[in-house]
Visitor: 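Let me give you the structure first, and then I'll get to my questions.
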Amino acid sequence: MIRTRFAPSPTGYLHIGGVRTALFCWLFAQRNAGKFILRIDDTDQERNVQDALKPILDGLKWLGIDWDEGPEVGGPFGPYYQSQRTELYQAAAEELIRRGAAYRDYATPEELQVERDAAQAEKRDFVYSRRWMAETPADAARFEAEGRTFVVRLRMPREGTLTIDDHIRGRVEFQWAREQDHVVQRADGSCLYHLANVVDDHAMRISHVIRAEEHLSNTPRQIFMIEALGYERPEYAHLPFVAEPGSKVKLSKRKLDKYLKDRDFAKLVEHGRQIAQAIGAETKLDEFNPVVVDFYREVGFLPDAVVNYLALLGWSLDDKTEHFMPSDLVKHFSLDRVNNSPASFDPVKLQAFQDRHMQQLPMAQKTVMVLPYLQRAQLVPAPAGADVEAKVTRVLEAAGDRIKIAGDVLDFAEFFTADDELPYDEKAFDKRIAKAADAPALLAKFREVLAGCDPFDAPTLDAALHQFVEAEGVGIGQIIHALRVATTGKGVGLGMFDTMAILGRQSCLTRIDRALARK
RNA sequence: GCCCCCUUCGUCUAGUGGCCCAGGACAUUGGAUUCUCAGUCCAAAGACAGGGGUUCGACUCCCCUAGGGGGUACCA
């Protein structure tokens, strides 16, 4: 049975790099009819674990990365919160000592530092002297009599080679002598990450440890514990980093300021911010930024598009296939096609995937997706009636590829605002109506044509306008722009005839009159 | 410092000794189409980090150098 896990810390947000790791774990489990386990690494004992966890669970769910065992769903190997498993870790630390693979160390941090400094001065690697190692209860008693406290250290081998066959890196060798006697239990009795990790992976029967490359160097000490404890060694796959845009440095939420200097990144943030403002959402830079998964949900990306992009950040099927739905990924994913060099996160390319997925989204789903944005912007009533939904669909149909993320509907607010409240783009109004020589006259005249147009649909309107300009002996450009500004308040928009048809005769006439009167 | 990993167009990547004077996608630039915008279509430009080997033949194998990244904590 293939079992993989993702073990996030409850940090309050789901990082784009982290979620890529989760995705690969999930995909691998799915592909092999295995289980994907979510384990919460809350050993730091933050007080609001649940609050800090929620965005992470929500993000995973939104993307469709569901877990077979973990928070909310439980499972046979719980609890799935590391803070609730401390006795297990302490017992393991005891066991390690009992088996001679670890020892109580009574050195003070200062004493250790002296040894370290000495090693450095002599330009040799630091190797702990084990001078304050308690080998017997008598030693321990003696040290304790001196008022010392202990930590538990691993008694690492000082010779030999460790070989790891990593599914992505291939064969990697480490010299045991380079490893330190790492601490696994603190003086206060709490246990460190690596121990907890080993214990939980074993207890939860994890067969494949799929994690970021930063853990590769930490693997030897974990394997040491695994073998000392008599556990079975899992398979390993160390994923390359997700790096900053245009770089090979690991992506980090902290460095948003830096990323904002990237033009494309800044544009995305700005775009998202406008949408968020229109719908009254929070835009604190901390959570509202493209390094955090929540950002994409807020502004209306398609989860499938994000998953598609993320999957291709380090994995590929072949030299041409790029469009994948989650089920396709599940069908084709394999660890051997994960490449081993860091991939930099490119928001522009993510957008391209979004565009493609959006283009293929059935209209009914698109409507459902877009509706909440109109509602939150108060352009449409909260339970939308069938007529409203029908209108939204018509706008969507006319908009075609222009709506790239759900929040983009708000670019077409003119279809939902009252005629007498329609705002004008002053520049466009000036150019197309106020300062356009014959446009107002043409507009007034065409208004009468419109009044008699029947049926009031796009083809009829199209024919009517063409007939009109021909009769007047003018080019279509001389009136159509003015018509657009008059009916929508804007210089750019959907096809003119679709626009008028959706607006309906009455709105068109009212708006034209209003624009003409304004001039 | 030491250890480990990585290195193909700006970016994501294909390539597992001849199919490659290196293929695709995004981005870029030109052109076409159109009532604006979005799109669509066509075209162009653009890479094997460097140096040594091995081989009849290296993007592919080996070594070295350089660059980048990660680890080296009583962080995770």
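Throughout, a chain's letter reflects where its sequence line sits, starting with A, and its residues are numbered from 1.
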Visitor: Set out, line by line, the N/O atom pairs under 3.5 Å between protein and nucleotides 31-35 of chain B.
Guide:
residue : atom : partner : partner atom : Å
B:C35   : O2   : A:R484  : NH2          : 2.5
B:C35   : N3   : A:M496  : N            : 3.2

Visitor: For A:E94, enumerate each residue passing the salt bridge (charged side-chain N to carboxylate O under 4.0 Å, His left out) test, keeping only those at least two apart in sequence or located in another chain.
Guide: A:R104
Visitor: Classify A:D125 by what it touches in the nucleic acid, base, sugar-phosphate, or nothing, heavy-atom distance under 4.0 Å.
Guide: sugar-phosphate
Visitor: Please name the pair of heavy atoms, one in A:S9 and one in A:I56, separated by the smallest distance, quoted to 0.1 Å.
Guide: O-CD1, 3.3 Å
Visitor: When the P atoms of B:G51 and B:A66 are compared, how many Å lie between them, rounded to an integer?
Guide: 15 Å
Visitor: Given the C1' atoms of B:C63 and B:C56, what is the spacing between them in whole Å?
Guide: 22 Å
Visitor: Is there a Watson-Crick or G-U wobble partner for B:A27 with both distances under 3.5 Å, and which nucleotide is it?
Guide: none
Visitor: Keeping to residues at least two apart or across chains, list the side chain to side chain donor-acceptor pair (under 3.5 Å) pairs with something in residues 340-352 of chain A.
Guide: A:N339-A:S341
Visitor: Return no unless some side-chain N or O of A:S344 is found under 4.0 Å from OP1 or OP2 of B:C12.
Guide: yes
Visitor: If the cut-off is 4.0 Å, is A:N340 near the phosphate of B:C5, judged by side-chain N/O to OP1 or OP2?
Guide: no
Visitor: When you compare the protein's N or O atoms with those of nucleotides 24-28 of chain B, which come within less than 3.5 Å of each other, and at what distance?
Guide:
residue : atom : partner : partner atom : Å
B:A25   : O4'  : A:E322  : OE2          : 2.9
B:A25   : O2'  : A:E322  : OE2          : 2.4
B:A25   : N3   : A:K349  : NZ           : 2.8

Visitor: Just name whichever nucleotide pairs with B:U7, Watson-Crick or G-U, keeping both distances under 3.5 Å, else none.
Guide: B:A66
Visitor: Mind checking whether A:F345 and A:Y309 have parallel, tilted or perpendicular rings, split at 30° and 60°?
Guide: perpendicular
Visitor: Would you mind reading off the distance between A:L317 atom CG and B:C12 atom P, rounded to a whole angstrom?
Guide: 19 Å
Visitor: State plainly whether the residues A:E111 and A:R148 are in salt-bridge range, i.e. N to O under 4.0 Å.
Guide: yes
Visitor: For the pair made of CZ in A:R211 and C1' in B:G70, what is the distance, rounded to whole Å?
Guide: 13 Å
Visitor: Considering every strand and a 4.0 Å limit on heavy-atom distances, what is the contact class for A:A343: base, sugar-phosphate, or nothing?
Guide: sugar-phosphate
Visitor: Hey, is A:K431 close enough to A:D425 for a salt bridge, meaning N to O under 4.0 Å?
Guide: no
Visitor: Does NZ or CZ of A:R221 fall inside the cone over A:F224's six-membered ring, less than 6.0 Å from its centre and within 45° of the axis?
Guide: no
Visitor: Using a 4.0 Å heavy-atom cut-off across all strands, classify A:H194 as base, sugar-phosphate, or nothing.
Guide: base
Visitor: Students often get this wrong, so: under 4.0 angstrom with heavy atoms, is A:H238 touching a base, only sugar-phosphate, or nothing?
Guide: nothing
Visitor: In the structure shown, which nucleotide is the Watson-Crick or G-U wobble counterpart of B:G1, with both distances under 3.5 Å?
Guide: B:U72
Visitor: Pull out every residue in residues 166-181 of chain A that has a heavy atom closer than 4.0 Å to any atom of RNA chain B, ordered by number, or say none.
Guide: A:R169, A:V172, A:E173, A:F174, A:R178
Visitor: Ring-plane angle category for A:F126 and A:Y128, please: parallel below 30°, perpendicular beyond 60°, tilted otherwise.
Guide: tilted
Visitor: So what does A:K490 touch, heavy atoms closer than 4.0 Å: a base, only the sugar-phosphate, or nothing?
Guide: nothing
Visitor: Choosing from B:C6, B:G70, B:C75, which nucleotide comes nearest the side chain of A:K250?
Guide: B:G70
Visitor: Grab the CD-P distance between A:E214 and B:G69 for me, whole Å please.
Guide: 15 Å
Visitor: So, is A:S316 close to the B:A14 phosphate, meaning a side-chain N or O under 4.0 Å from OP1 or OP2?
Guide: yes
Visitor: Identify the nucleotide, in any strand shown, that forms a Watson-Crick or G-U wobble pair with B:C56, with both distances under 3.5 Å; if there is none, say none.
Guide: B:G18
Visitor: In chain order, what residues pass the ring-ring contact (aromatic ring centres under 6.0 Å, His included) check against A:F333, with sequence neighbours excluded?
Guide: A:F24, A:W315
Visitor: Here's a test of your reading of the structure: between A:L216 and A:G314, which maps to the more 5' nucleotide of RNA chain B?
Guide: A:L216
Visitor: Checking base pairs now: Watson-Crick or wobble, both atom distances under 3.5 Å. What partners B:C37?
Guide: none
Visitor: Give one of base, sugar-phosphate or nothing for A:G400, where a contact means two heavy atoms less than 4.0 Å apart.
Guide: nothing
Visitor: Checking all strands, does A:R432 fall into the base, sugar-phosphate, or nothing category for heavy-atom contacts under 4.0 angstrom?
Guide: nothing
Visitor: Determine the interatomic distance between C1' on B:C4 and the same-named atom on B:G10; round to the nearest Å.
Guide: 29 Å
Visitor: Within the 4.5 Å heavy-atom criterion, are A:H215 and A:V209 side-chain neighbours or not?
Guide: no
Visitor: Answer yes or no: does a side-chain N or O of A:R186 lie under 4.0 Å from OP1 or OP2 of B:C75?
Guide: yes
Visitor: In whole Å, measure the gap between the C1' atoms of B:C12 and B:G53 for me.
Guide: 33 Å
Visitor: Counting the atoms with a prime plus P, OP1 and OP2 as sugar-phosphate, which does A:R116 contact under 4.0 Å by heavy atoms, base, sugar-phosphate, or nothing?
Guide: sugar-phosphate
Visitor: Side-chain N or O of A:R153 versus OP1/OP2 of B:A73: is the shortest distance under 4.0 Å?
Guide: no
Visitor: Which label fits A:F415 and A:F412: parallel for a plane angle under 30°, tilted from 30 to 60°, or perpendicular past 60°?
Guide: tilted
Visitor: Rounding to the closest angstrom, what is the interatomic distance between B:C41 and B:A25 at atom P?
Guide: 11 Å
Visitor: Could A:E472 and A:K445 be called an ion pair, given the rule that one side-chain N must be under 4.0 Å from one carboxylate O?
Guide: yes
Visitor: When the ring planes of A:H357 and A:H323 are compared, do they come out parallel, tilted or perpendicular, using 30° and 60° as the limits?
Guide: parallel
Visitor: Under 4.0 Å between a side-chain nitrogen and a carboxylate oxygen: does that hold for A:R402 and A:D411?
Guide: no
Visitor: So do the side chains of A:F265 and A:V291 get within less than 4.5 Å of each other, counting heavy atoms only?
Guide: yes
Visitor: Whole-Å distance between B:A38 C1' and A:L396 CG?
Guide: 14 Å
Visitor: C1' atom, B:A58 versus B:A22: distance in rounded Å?
Guide: 13 Å
Visitor: Look at A:K248 and B:C12 and indicate whether a side-chain polar atom (N or O) is within less than 4.0 Å of OP1 or OP2.
Guide: yes
Visitor: Scan A:V151 against the nucleic acid and name what it touches under 4.0 Å (heavy atoms): base, sugar-phosphate only, or nothing.
Guide: base
Visitor: Please give, in whole Å, the distance from B:A73 P to A:D105 CG?
Guide: 14 Å
